[in-house]
Amino acid sequence: MSDKPWGGRFKEGTSLAVEAYTESISFDSVLYAQDIAGSKAHARMLGRQGIITPQEAQQLIEGLDQVRAEIESGSFPWKRELEDVHMNIESRLTEIVGEVGKKLHTGRSRNDQVCLDFRLFVSDCLREWMRLARSLAAVFVRRADENRGVLLPGCTHMQPAQPVSLAQHLLAYAWMLKRDVERMEGCERRARVSPLGAAALAGTTYPLAPEMVADELGMYGVFDNSMDAVADRDFALEALFCASVCMGHLSRFCEELIWWSNPLFGFVTMSDRHSTGSSIMPQKKNPDVAEIMRGKTGRAYGNLFSLMTIMKGIPLTYNRDLQEDKEPFIDSDKTLRHSLSLMAEMLDGLEFHAGRMKEALSRGYLNATELADYLVGKGVPFREAHRISGRSVALAESRGAALEDLALADFQEICPSIGKDVYAALDYGTAVSRRNAHGGTGPDPVARQIEAMKLWLAG
Ligand code: ARG
């Protein structure tokens, strides 16, 4: 007979190659805390429901506490032949408490057990991601607050478009992170629902009390359909999507930092602590952290697609394919945690060069829209104003000059309605401060955004 916990009907043991191929203990031992918490809640419920005696429940709970202590002290004897975290813990529990250990699995299957553990694990991770994303948003808000008066070229198509305040640019990322957190909040509410009581797939004959378990574990509710409960992993997919979108946001900022730190831009200097050198070119200071983070975004997307693909073809209910849900998730969890906290550090240590940003403003005709708007103010229809401004840009460009360097006579030759007051309109600071409408880059909407963000961060 096989000596596996499920070995009753087997004549022979599994081959070593199969054991190595099918085990999950090498990666699912990270679920130990959730597995033990779930088993304690299950044992307590079994005792309260009279399925086992209260004394037996107590013995199981104390045994599980001891298992946890062994795991945390590093003395726990993990065994690959016991396949996964669930059977390792149950088997050690039975060694510690004796025969009563074998009662723990009453009314439970590994199918609802693993799903409970994973739902707890995923929702615990989501909570940590939310904490880290909020901390990073706070750094964006603080750096925005410090740089309200700094202007730089805002781009579309990576071409100079209109002047914006650095605060507005940084706040854009704070809003993205806020939505990331809100997306994670919604996901966490759906993930933290207990499937325990679904048993293998069809529900159970024991008078279990699933709500009692869910309550003890701080979950928001219980499953409605036993087959759905053990079969779906949409909560993990959703969490992987949350991680992917958040990584995508970080990656876009990484891309900007990489450009901005190039001396041709010279908008920022990254701290030495967050840069690396070249082994051959002594002058180099490379933005490797930002590049690796941009690269790791690919992993996060890959992990989402791994699980999407795993899920698409499996019939109800539990299939062992589902064991493949853990590694991609664990990888994305690590990737996102490290990226969020490193980005906070990197942004904190970033030096902004307001002078270089200001210089760049005069090199991209970023005030061409201002000239058009100025003409609209003089009664010129916008399409016409756009054309006049374009001709002025062409003239300035042919002289290697900025718009504000053109003489009044030059302007008037193109359009006689242009007066001396055009120079005030062409001022970059004026362009920014005039954009005071809702959500714009002007000082008032920027101040309101900072207020709103601070309120959210304090809440
Ligand atoms: N290690 C398994 C997993 O991660 C646990 C559940 C096994 N269930 C089963 N019926 N073989 O999915």
Side-chain angles (χ1 to χ4, degrees), residues 2-10 12-39 42 64 67 71 76 78-94 102 104-125 191 193-204 213 223 226-237 239-240 303 306-333:
S2 154
D3 55 6
K4 303 283 185 208
W6 39 254
R9 56 103 73 219
F10 289 81
E12 274 188 286
T14 26
S15 92
L16 282 181
V18 169
E19 204 163 274
Y21 195 71
T22 58
E23 64 86 25
S24 56
I25 192 61
S26 55
F27 51 85
D28 70 8
S29 61
V30 296
L31 301 177
Y32 81 88
Q34 289 78 10
D35 192 73
I36 290 173
S39 286
H42 182 66
L64 285 161
V67 171
I71 294 173
F76 187 88
W78 296 108
K79 293 182 182 146
R80 193 181 75 177
E81 58 280 17
L82 288 172
E83 253 179 62
D84 57 25
V85 64
H86 324 292
M87 293 202 294
N88 265 274
I89 288 175
E90 192 186 315
S91 149
R92 178 73 190 125
L93 173 71
T94 305
K102 297 180 180 169
L104 174 64
H105 213 49
T106 313
R108 186 175 76 168
S109 156
R110 261 190 303 160
N111 298 350
D112 56 348
Q113 182 182 4
V114 68
C115 189
L116 172 73
D117 294 2
F118 199 39
R119 280 178 174 274
L120 288 171
F121 184 80
V122 167
S123 54
D124 288 345
C125 291
V193 167
S194 176
L196 208 71
L201 77 161
T204 181
V213 173
F223 70 102
S226 61
M227 296 179 81
D228 176 37
V230 294
D232 208 356
R233 293 292 182 271
D234 55 358
F235 62 94
L237 283 174
L240 286 171
N303 290 332
S306 290
L307 191 55
M308 292 277 278
T309 312
I310 290 162
M311 294 309 296
K312 81 179 189 51
I314 43 182
L316 296 184
T317 53
Y318 180 86
N319 296 270
R320 193 66 181 273
D321 319 40
L322 291 177
Q323 178 166 294
E324 290 291 310
D325 60 0
K326 287 167 206 71
E327 282 170 295
F329 185 83
I330 291 165
D331 186 69
S332 278
D333 173 48

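Side chains included, hydrogens not; waters and symmetry mates left out as well; all remaining heavy atoms used. Order of appearance sets the numbers: ligands from 1, and atoms from 1 within every ligand.
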For [X], take its heavy atoms, then give the atoms of ligand 1 lying under 4.0 Å from any of them.
X	result
Lys326	3 (C), 4 (O), 12 (O)
Gln323	1 (N), 2 (C), 3 (C), 4 (O), 12 (O)
Asn111	8 (N), 9 (C), 10 (N)

Using a 3.5 Å cut-off on N or O atoms only, is Arg320 in polar contact with ligand 1?
no
Would Asp325 and Arg233 pass as an ion pair if we require N to O under 4.0 Å?
yes
Cationic N near anionic O, under 4.0 Å, Arg110 to Glu90
no
Under 3.5 Å: donor-acceptor pair, side chain of [X], backbone of [Y]:
X	Y	value
His42	Thr106	yes
Asp112	Arg108	no
Gln323	Thr22	yes

What's the shortest distance from [atom] to any protein heavy atom, and which residue and atom give it?
atom	answer
atom 5 (C) of ligand 1	Asp84 OD2, 3.4 Å
atom 11 (N) of ligand 1	Arg110 NH2, 3.5 Å
atom 3 (C) of ligand 1	Tyr318 OH, 3.2 Å

Sort out for me which residue in Val114, Val85, Asp84 forms a side-chain contact (heavy atoms from CB on, under 4.5 Å) with Ser24.
Asp84
